[in-house]
**Student:** 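Please see the structure below; I have some questions.
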Amino acid sequence: GEILAGALDLCRIFSPELQCCGGFLQSMHGKTALVHGDDGIPRVCLREVLQGLLCLKLTQYSDIWAASQELWQPDYELLLSCRTMCRGKTWGELRLLRWEKEIARLLPYVLYLPTQMRSPGKRPLLIVFHGAGGSTEDVFFFSSHHISELAEEKNFIVLAVSACYTDSAYGCQIPPCGVDSMDAKLFASSPEKAKRLEQTERTVTKVVEETLRAYPIDPKRIYLAGNSMGGMAAFYYAAKYPDRIRAIAPAGAVPAPNAFPAEKIRGVPVFFTAGTEDFHGYDYLRCGCKHLKQADVPLTFYTVGGGDHG
């Protein structure tokens, strides 16, 4: 009754930077978790793998999917039960998984629930979008978990969502200022790309709505933050839902003035952070923010001397 997944496909779940795929598979040899079928393809017990991932905090958003239906016929009830395997935790950083049937991918998302949630009352929600090629883990790792410290201190909930696809831009098709040839690929149009954008936006919206229903969140205090592609997502969703977003804190990317409806976020305060050494171009970021200010967007521009794109 256990679900088996292709062992080599599961390597994609692990962060390449940690270089732990080989070590993990090696540790599975000689154990019941690793199974060799008649076709010679190594497979692993999905339940054990998911439990290990959630405990070891190694989940990576990109390309977590079933490579083929022959290798993996997902059991949705089991996957639903796996979402909550956080070693009994109910507070702090909770690493959860959801099987997104529409895109046939297993997606991680991370919640920070402050311990003060034991007391009554509704809390603010901060939704954080990671950058292209990143993961939900980046939100916590690159801040040295200061975002969790702040959430605990100020008593707010953090939700780090997955971009689903490397080039999804969370459904945003608006190019940033100073787009180069590398970035241009993220915004190239095609029927397939349009479909992925729609799927991603539906998935992100679904996760957010589920979180709003599941926890005591004040609907009037929803904030957005993100860097690079995640920063573009913050601008995009603020413009799409200006009545639901209290404020945003993007960094590393500003929407191109001729493609972004700046008038829609005139009631949404923006705190924008830019590093002087950002390879996307500090001057592009400053210029884009200048255009937003000229459009009467309440924007504060904060410069980090020596700061890079991350």
Side-chain angles (χ1 to χ4, degrees), residues 60-62 93 107-112 124-148 150-151 156-179 183 186-187 197 200-201 203-208 211 221-242 244-256 259-260 262 264-265 268-275 278-280 284-285 288-289 292 297 299-302 304 307-310:
Q60 174 84 348
Y61 92 94
S62 59
E93 295 173 12
L107 299 175
Y109 61 103
V110 185
L111 277 169
Y112 184 87
L125 171 66
L126 173 63
I127 303 169
V128 189
F129 306 97
H130 62 75
S135 75
T136 51
E137 287 297 319
D138 292 350
V139 172
F140 299 88
F141 178 76
F142 287 115
S143 72
S144 299
H145 297 268
H146 289 320
I147 193 169
S148 299
L150 192 61
F156 64 87
I157 296 171
V158 179
L159 169 64
V161 294
S162 169
C164 302
Y165 299 96
T166 305
D167 62 348
S168 76
Y170 296 92
C172 174
Q173 187 63 6
I174 301 168
C177 281
V179 63
D183 290 325
L186 290 174
F187 303 95
L197 291 174
T200 300
E201 187 165 338
T203 299
V204 169
T205 303
K206 206 181 300 181
V207 172
V208 171
T211 303
R221 290 188 292 168
I222 299 176
Y223 302 84
L224 308 179
N227 181 59
S228 193
M229 182 177 81
M232 290 297 294
F235 278 113
Y236 175 68
Y237 285 101
K240 188 158 187 175
Y241 305 104
R244 299 186 67 181
I245 305 304
R246 183 75 170 266
I248 65 174
V254 183
F260 182 70
K264 291 188 176 181
I265 62 168
V268 181
V270 179
F271 185 88
F272 189 89
T273 304
D278 192 319
F279 64 80
H280 277 201
Y284 282 122
L285 300 176
C289 287
L292 289 174
V297 174
L299 185 146
T300 299
F301 188 83
Y302 181 74
V304 178
D308 59 19
H309 186 61

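Bear in mind that the values here come from a model prediction, so they are computed numbers and not experimental data.
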**Student:** If you define the side chain from C-beta out and look only at heavy atoms, does anything of Ser228 sit under 4.5 Å from His130?
**Tutor:** no

**Student:** Look at the aromatic rings of Phe260 and Phe235 and report parallel, tilted or perpendicular, splitting at 30° and 60°.
**Tutor:** perpendicular

**Student:** Roughly how far apart are Leu111 CG and Glu93 CD, rounded to 0.5 Å?
**Tutor:** 10.5 Å

**Student:** Find out whether Ser148 and Val158 are in side-chain contact, i.e. whether some heavy atom of one side chain is under 4.5 Å from a heavy atom of the other.
**Tutor:** no

**Student:** Can you tell me if Asp138 uses its side chain to pair, donor with acceptor, with the backbone of Gly131 under 3.5 Å?
**Tutor:** no

**Student:** Step by step, work out the side chain to side chain contact (heavy atoms under 4.5 Å, CB included) result for Tyr223 and Val128.
**Tutor:** CA-CA 9 Å; Tyr223 302 84; Val128 189; over 6 Å; no

**Student:** When rounded to the nearest 0.5 angstrom, what distance separates CD1 in Ile222 from CZ in Arg244?
**Tutor:** 5.5 Å

**Student:** CD1 of Ile157 to OG1 of Thr211: how many Å apart, nearest 0.5 Å?
**Tutor:** 8.5 Å

**Student:** Measuring only between side-chain heavy atoms, which start at C-beta, is Phe129 closer than 4.5 Å to Met232?
**Tutor:** no

**Student:** Mind listing the closest non-hydrogen atom pair of Ala163 and Thr200 along with its distance?
**Tutor:** O-CG2, 3.4 Å

**Student:** Between Phe272 and Ala253, which heavy-atom pair has the shortest distance, and what is it?
**Tutor:** CE1-O, 3.2 Å

**Student:** Does the Ser162 side chain pair with the main chain of Cys164, one donor and one acceptor, at a distance under 3.5 Å?
**Tutor:** yes

**Student:** Taking all heavy atoms of Gly288 and all of Cys177, pick out the closest pair and write down the distance.
**Tutor:** CA-SG, 3.6 Å

**Student:** In Å, rounded to the nearest 0.5 Å, how long is the span from CG of Leu224 to CZ of Arg246?
**Tutor:** 13.0 Å

**Student:** For a 4.5 angstrom cut-off between non-hydrogen side-chain atoms, does Val161 reach Thr136?
**Tutor:** no

**Student:** Measure the CG-CD1 distance between Leu126 and Ile147 for me, rounded to the nearest 0.5 Å.
**Tutor:** 5.0 Å

**Student:** Just verifying a value: how many Å separate Leu150 CG and His145 NE2, rounded to the nearest 0.5 Å?
**Tutor:** 14.5 Å

**Student:** Is the shortest side-chain heavy-atom distance between Val207 and Leu159 below 4.5 Å?
**Tutor:** yes

**Student:** I need the minimum non-hydrogen distance between Ala160 and Val139, along with the two atoms involved.
**Tutor:** CB-CG2, 3.9 Å

**Student:** What I'd like to find out is whether the side chain of Phe271 reaches to under 4.5 Å of the side chain of Ile248, using heavy atoms alone.
**Tutor:** no

**Student:** Please report the closest heavy-atom contact between Ala238 and Val268, naming both atoms and the distance.
**Tutor:** CB-CG1, 4.4 Å

**Student:** With a 4.5 Å cut-off on side-chain heavy atoms, are Val254 and Tyr284 touching?
**Tutor:** no

**Student:** Could you check whether any side-chain heavy atom of Leu125 comes within less than 4.5 Å of a side-chain heavy atom of Arg221, counting everything from C-beta outward?
**Tutor:** no

**Student:** Could you point out which residue of Tyr170, Tyr236, Tyr237 forms a side-chain hydrogen bond (donor to acceptor under 3.5 Å, both in side chains) with Glu201?
**Tutor:** Tyr236

